[in-house]
Every structure is written in structure tokens, then in C-alpha cells.
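Structure, as C-alpha cells:
Fair warning: this is a prediction, and the values are worked out from it, not measured in the lab.
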Amino acid sequence: MADVVKGPDDPALDKDSVVLDAKGLRALAHPVRVQLIGLLRKYGPSTATRLAERLGVNSGTASYHLRQLGAAGFVEEDAERGNARERWWRSVHRTIWFNDPELAEREPEAVLAYLQSVAAIHTLRVQQTLNELLTMPPAWRNSFDMSDWALRLTPEEAGSLEQELKEVVSRYRRDEPAAAAGAPEGAERVTVITYVLPELDAPGASPYPAPPEADDGPAS
């Protein structure tokens, strides 16, 4: 799956990173395209046929979405591997950032479609792990976690929480070719998904339910 994330206000971008613009948002407004990018990052260059098999779609569908991603600059043909019979594709970037509040205001529908694609992929990731959980070695099965906490925060506190979570994750080894080569024995790919979900109270409503009224029985 793709590592498509909301980045910090001033991410330390490199040649393997890209910040989404309006065109990129529209190109990624489909879960299959997000999945294709993720597979190319995880397993390296591949063909539409092989990618289609992994996704459970037909090769024509995979080819179509790969061409759309290519037109948007997210994937490119791997000329060293391709031949007259089949085209090989590779991911252009390792990380895709979305961090433009003004773009969200200008293109609300495109942003919503993009975020829905990412949410669909996150749901699929969780379900795939659950399907494999019982067959995992105990050490990995015991490392699995799915938790939620209800907090009452200001927007500023929520932003601070989000940043602190990112700083914690950034201290650990990323799943990149160079890092994988030097990783200790037993290291595997681990996906960390974080959400900060505002749940606004209705205007004028109390955040807590009112206590039940005392029942003194029928009036005499």
C-alpha cells in the first residue's frame, strides 16, 4: 500500500518525496491507484498483469490506472526491464505528502475523494492483518494493537498531539531499500496508521448526557 500521508507544515522533502497538488489529488482519488503505488514501493518494479493478480482485478483495469498514474507523474515505465511484450512500471516517489490547507479550501471535493481512497486502503490493511493474525508467530501476534482513546482537546492541543505522534514514529527505521539491507535479523515491514478524528459536539449541547431524572412514583 502507498505511504500517502498528511505531512508537517514544512516537511524535509527530498528527491523521493512529492507534495500533492490539485492534479495529484485527482489522480489519487481511487483506491486501486493508491494500492498500485504501494505495491510498487513494497515489491519493486512490476507489470500490470502481476499487479492485477495481487489486487484481484483484471490486467486491463490495472493497466488503465497505471497509465493515469503515469500521466500524473507518480509512476513511470522501467525501460531496463520492459520489452515489446510487456511494460514494467516503477514508483517515482517513496513518500507522498498532503499538507496544503489552502488547496483543501479550493478543491474540497478532490480532497474528500483522495482522503476516502486513503481511508479505504487503511481499512483494507487492517482487515488483511486480521485475516492473517492467527497464523502469525506469537511474537508478531502479540505486537498487534488496535486501540482508541477519547480525549477532549482544543484544536491546538490536537495539532500538538499529531506532531508528537509523528516524532515518535520518525525515530524508528523506515521501510526503505537502504534501511532494509541493514535491518537486524527478524525485522519485517510494520505499518503504523494514526488518526486524529475531531468529533464536534452539536452547538449548545452538553458534551455529556444529562443525568436521569429521579422517579418518585406517581403523584398523589
inquiry  = A side-chain contact here means heavy atoms from C-beta on lying under 4.5 Å apart; do Thr95 and Arg174 qualify?
reply    = yes
Point-to-point distance, once rounded to the nearest 0.5 Å, from NE2 of His93 to CG of Leu40 = 13.0 Å
task = Nearest 0.5 Å please: distance from the CG atom of Asp148 over to the OH atom of Tyr195.
result = 12.5 Å
ask   = For Glu105, does the CD atom sit with more than 12 other heavy atoms under 6.0 Å from it, leaving out its own atoms?
value = no
message = If hydrophobic clusters are built from ILVMFWY residues whose side chains come within less than 4.5 Å, do Met136 and Val126 share one?
response = yes
task = Please report the shortest heavy-atom distance between Asp21 and Leu103, naming the atom on each side.
result = C-CD2, 3.7 Å
inquiry  = Measuring only between side-chain heavy atoms, which start at C-beta, is Leu39 closer than 4.5 Å to Leu55?
reply    = yes
query = Mind checking what makes side chain to side chain contact (heavy atoms under 4.5 Å, CB included) contact with Glu102, not counting sequence neighbours?
reply = Asp100, Arg106
message = Tell me whether Trp140 shares a hydrophobic cluster with Leu130, the cluster being built from Ile, Leu, Val, Met, Phe, Trp, Tyr side chains joined at under 4.5 Å.
response = yes
Rounded distance [0.5 Å steps], CD in Glu107 versus CG in Leu20 = 12.0 Å
inquiry  = Could you see if Leu112 belongs to whatever hydrophobic cluster contains Val34? Use Ile, Leu, Val, Met, Phe, Trp, Tyr and a side-chain cutoff under 4.5 Å.
reply    = no
message = To check you understand the geometry: which heavy-atom pair defines the closest contact between Asp175 and Arg94, and what is its length?
response = O-NH2, 2.6 Å
remark   = Contacts of Thr135 meeting side chain to side chain contact (heavy atoms under 4.5 Å, CB included) (sequence neighbours excluded), chain-then-number -> Glu132
task = Mind checking the NZ-OG1 spacing from Lys166 to Thr194? Nearest 0.5 Å is all I need.
result = 7.5 Å
task = Grab the two heavy atoms, one from Ala27 and one from Leu69, that are nearest each other, plus how far apart they are.
result = O-CD2, 4.2 Å
message = With heavy-atom distances below 4.5 Å as the criterion, would you say the side chains of Ile37 and Arg33 are in contact?
response = no
ask   = How close do Ala110 and Arg26 get, heavy atom to heavy atom, and via which atoms?
value = CB-CG, 4.2 Å
ask   = Is there side-chain contact between Gln35 and Leu124, with heavy atoms separated by less than 4.5 Å?
value = yes
ask   = Looking only at heavy atoms, what is the nearest atom pair of Ala52 and Ala62, with distance?
value = CB-CB, 3.9 Å
ask   = Looking at Trp89 and Ala48, what are the two nearest heavy atoms and their distance?
value = CD1-N, 4.5 Å
ask   = Does any N or O in the side chain of Ser160 come within less than 3.5 Å of the main-chain N or O of Glu157, such that one atom is a donor and the other an acceptor?
value = no
ask   = Should Ile121 and Val192 be regarded as members of a common hydrophobic cluster, given that ILVMFWY residues are connected when their side-chain heavy atoms come within less than 4.5 Å of each other, either directly or indirectly?
value = no
key: Heavy-atom donor-acceptor pair, Ser170 side chain to Glu167 backbone, under 3.5 Å   = yes
query = Can you find a heavy atom in the side chain of Val118 that is under 4.5 Å from one in the side chain of Leu28?
reply = no
ask   = For Leu161, which fellow cluster members are found when Ile, Leu, Val, Met, Phe, Trp and Tyr are connected by side-chain heavy-atom distances below 4.5 angstrom, either directly or through intermediates?
value = Trp149, Leu151, Leu153, Leu165
query = According to the side chain to side chain donor-acceptor pair (under 3.5 Å) rule, which pairs have a member within residues 47-60, sequence neighbours left out?
reply = Asn58-Thr61
query = When you look at OH of Tyr172, are more than 12 heavy atoms from neighbouring residues, nucleotides or ligands closer to it than 6.0 Å?
reply = no
message = Are Ile193 and Phe144 linked, directly or through intermediate hydrophobic residues, by side-chain heavy-atom contacts shorter than 4.5 Å (ILVMFWY only)?
response = no
request  = Give, for atom NZ of Lys23 and atom CG of Leu25, the distance between the pair rounded to the nearest 0.5 Å.
outcome  = 12.5 Å
message = Restricting to salt bridge (charged side-chain N to carboxylate O under 4.0 Å, His left out), what partner residues turn up for Arg90, sequence neighbours left out?
response = Glu76, Asp78
query = Roughly how far apart are Thr191 OG1 and Gln128 CD, rounded to 0.5 Å?
reply = 9.5 Å
Pairwise ring pair (Phe, Tyr, Trp, His ring centres under 6.0 Å) hits with a residue in residues 20-74, at least two apart = His30-His65
